[in-house]
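Heads up: the structure comes next, in C-alpha cells.
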2 protein chains.
Amino acid sequence: MTNETHIQVIDRMISLLESLARHEHASLKTLAAETNLHSSTAFRILASLHHHNWVVRDNNGGYQLGTGLMRYAGQAAQQQEIREIALPIMTSLRDQTGETVNLTQRENDEVVYIERVTSTRMMRVEQVIGSRAPLHVTAVGKLMLAEDTGTACLDYAQRTKLPAYTANTITNAHDLCTAAALAQAQGYALDNEEAELGVGCIGVLIRDAHGKAVAGLSISAPRERRKDEWISALQQAGAEISAKLGAI
Amino acid sequence: MTNETHIQVIDRMISLLESLARHEHASLKTLAAETNLHSSTAFRILASLHHHNWVVRDNNGGYQLGTGLMRYAGQAAQQQEIREIALPIMTSLRDQTGETVNLTQRENDEVVYIERVTSTRMMRVEQVIGSRAPLHVTAVGKLMLAEDTGTACLDYAQRTKLPAYTANTITNAHDLCTAAALAQAQGYALDNEEAELGVGCIGVLIRDAHGKAVAGLSISAPRERRKDEWISALQQAGAEISAKLGAI
DNA sequence: TATTTCATTTCGCATTGTGAAATCAAGTTT
DNA sequence: AAACTTGATTTCACAATGCGAAATGAAATA
C-alpha cells in the first residue's frame with residue numbers, strides 16, 4: 001500500500017511539466033534552473049516529451065505545454081457527468097454573485113479542483129483546475145471531513161499535522177472537528193482566510209442518488225466582498241446539481 | 001529540429017497511460033500485456049505515477065487515470081480564452097442541430113480536438129478531447145490546408161502520403177488541393193465519410209483579430225442525418241466566435 | 001571579428017531501471 | 001482445510017539506460 005517506488009526520470013519529467021505550467025514561454029535555461037536539472041538532462045527529457053506532443057516549441061524556441069496531455073486529462077475527469085451538469089449552474093451562480101465558483105472532489109486528504117467558472121472582476125480568486133488543497137483549509141474540505149464517521153476527523157488531524165497556511169488556519173484537532181460538525185449542522189461551511197490571507201469561501205456539498213457526498217461547490221472571493229446572502233444561492237445551486245444527479 | 005531522442009521510461013509510461021485511457025478499470029496484468037511490458041516494470045512505473053496522482057487505484061486494486069493530469073491540461077489549452085468563448089455558442093448550435101459540435105486546432109499536420117459538446121441522440125459521433133486526426137480526412141483540416149500558401153498543400157500530401165482512412169478518403173494530392181481550394185471559396189468544407197464510414201461533418205474556420213485561422217468549428221453527425229441547412233447556422237456560429245475574438 | 005549566451009550533441013561511466021524469479025495474498029477447487 | 005490457481009508485489013544482480021561534463025553550434029551583441 002505505502003510503497004516508496006520512485007522513478008527518477010518520471011519525477012524529473014513531472015517537475016519540468018510543473019515548471020512549464022508556471023511559465024508561458026520558458027527557455028531551456030530557466031526550466032533547467034528551476035528544476036535543478038543539468039541543461040542536457042532537461043533538454044533530453046523535453047525532447048522526449050516533444051515527440052509525444054506533450055511539449056510544444058514556439059517559433060523562438062521556447063517551451064510550452066502541448067495538447068498531447070489533454071487526451072488523458074479528459075478521461076481523468078472521471079465524473080465527466082458531474083461537470084457537464086454542474087457547469088451551467090455554476091455559471092449562473094457566478095453571474096449572480098460576480099465571483100469565482102469552484103467544483104471540487106475529495107481525493108484522500110485533499111480536495112482537487114475539477115471545474116471552475118471565474119469571476120469577471122478585476123481582482124478575483126482563481127484556482128488552477130487539477131490543483132489541490134488539504135481538507136482543513138477549505139470550506140468544502142471541512143464538510144467532507146464531517147461526512148466521515150468515528151475518529152476519522154481526529155485521524156486526519158494526526159496524520160497531516162494540520163499544517164498552517166495562514167494565521168487563520170485551524171491547527172488544533174479538536175477545533176477542526178467541532179468546526180466541521182458545526183458546518184455540517186448548518187449545511188454550509190466558511191473558510192475565513194484559512195487557506196490564503198484575504199480570500200474567503202463558502203462551500204456546500206453535492207450528493208448523488210445514494211446520498212453520498214461526491215463533490216463540493218464553493219464561491220471564492222476576496223474576503224471583504226463575500227456576502228452572507230450568497231449562502232442560500234449557493235445551497236440552492238448545490239441542491240440543484242445534486243437533484244440532477246438523482247439525489248432525493 | 002528532427003531529433004531522435006527517446007527516453008525509454010517515458011515512452012513506456014505514455015503507452016501505459018494510453019492503455020489506461022482505453023480501459024476503465026484495468027488490472028496490472030492487462031496493462032502489462034497490452035503494453036508488452038514485464039509486469040514488474042509496469043508495476044513500478046504505475047506506482048511512480050501513483051505518487052504523483054496521475055494514477056488512482058480503485059477499491060479492487062484496478063488502475064485508473066488520476067486527477068493529477070488535469071493540472072497541466074488546463075494550461076495546455078493555450079487558447080483557454082477561445083474555449084470559454086466558444087462553449088456557449090457551441091452548446092446552442094448543438095441544441096439547434098441535436099448533433100455533436102467540435103472545436104479543433106491545428107497542430108502541424110493534424111487537428112487536435114480542443115473542446116466538444118456532444119449530441120444528446122442515442123446514436124452519435126463522439127471525439128475524445130485531445131485526440132488527433134490528419135488534416136486531409138477532416139472538413140476543418142481541408143480548410144486549414146487551404147489557408148497555407150504556395151506548395152504547402154502539395155508538400156503536406158507528399159510528407160504524409162495521404163493515408164486512407166476509408167474508401168472515401170482523398171488520397172490524391174491534386175484532388176485534395178482542389179477540394180481544399182473549393183472549400184475555402186465556399187466558406188465551409190464537408191467531410192463525406194472520409195475519416196470514418198457513416199460519419200459526415202461540416203466545418204468552418206474561426207479567425208482572430210489578425211484574420212488568422214486559429215481554430216475550426218464542426219458539426220459531426222451520422223451521414224444520413226446531416227442537413228445542408230446546418231451550414232449557415234454553423235457559419236454564423238463560427239463568425240460569432242471569431243467576432244468575440246476580435247475578428248472584423 | 002571577437003565575445004557572450006544559450007541550445008544541442010557527444011561520450012564514457014555510474015546509476016538507474018530492468019526482468020527473472022521469489023514471495024505474498026486471495027480466491028477456487030479438491 | 002489442504003492443495004492449487006491466479007495475479008499483485010518485492011527482491012536482487014546485472015547491463016542497458018540515462019547521466020552530466022565538456023565540446024560544439026548557432027545567434028545575438030559588442
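Values reported hereafter were calculated over all heavy atoms of this structure, with side chains retained and with hydrogens, waters and symmetry mates removed. Just so it is clear: chains get the letters A, B, ... in the order the sequence lines come, proteins before strands, and each one is counted from 1.
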Protein-nucleotide distance (His25(B), atom NE2; dA8(D), atom P), rounded to Å | 15 Å

Rounding to a whole Å, what distance do you find between Ile10(B):CD1 and dG17(C):P?
-> 10 Å

Val9(A) vs Ser39(A), nearer the 5' end of DNA chain C by closest nucleotide | Ser39(A)

Residue Arg57(B), side-chain atoms from C-beta onward, closest of dT9(D), dA7(C), dG17(C) | dT9(D)

Closest to the side chain of Thr41(A), out of dT9(D), dA20(C), dC19(D), is dC19(D)

State which residue, out of Val137(B), Leu135(B), Leu176(B), fulfils the side chain to side chain contact (heavy atoms under 4.5 Å, CB included) condition with Lys142(B).
-> Leu176(B)

Contact under 4.0 Å: Gln8(B) side-chain N or O vs dT18(C) OP1/OP2 = yes

From CZ of Phe43(A) across to P of dC19(D) the rounded distance in Å is 14 Å

With a non-hydrogen cut-off below 4.0 angstrom, is Ile7(B) in contact with a base, only sugar-phosphate, or nothing?
-> sugar-phosphate

Hey, which sits more toward the 5' end of DNA chain D by its nearest nucleotide, Lys29(B) or His38(B)?
-> Lys29(B)

Does any N or O donor sit under 3.5 Å from an N or O acceptor when you compare the side chain of Ser40(A) with the base of dG20(D)?
-> yes

Report yes if some heavy atom in the side chain of Leu20(B) is under 4.5 Å from a heavy atom in the side chain of Leu31(B); otherwise report no.
-> yes

Non-hydrogen side-chain atoms of Ser119(A) and Val125(A) separated by less than 4.5 Å = no

Please report, rounded to the nearest Å, how far the C1' atom of dC19(D) is from the CE atom of Met13(A).
-> 17 Å

Can you tell me the distance, in whole Å, between the CZ atom of Arg44(B) and the P atom of dT16(C)?
-> 14 Å

How many Å lie between NE2 on His6(B) and C1' on dT17(D), as a whole number?
-> 15 Å

To the nearest angstrom, how far is Leu31(B) atom CG from dA8(D) atom C1'?
-> 12 Å

State plainly whether the residues Arg106(A) and Glu147(A) are in salt-bridge range, i.e. N to O under 4.0 Å.
-> no

Length of the line joining His50(A):NE2 and dA7(C):C1', which is rounded to integer Å = 14 Å

Picking from dG19(C), dG20(D), dG17(C), the nucleotide nearest the side-chain atoms of Arg12(B) would be dG19(C)

Just say parallel, tilted or perpendicular for the rings of Trp54(A) and Trp54(B), cut-offs at 30° and 60°.
-> tilted

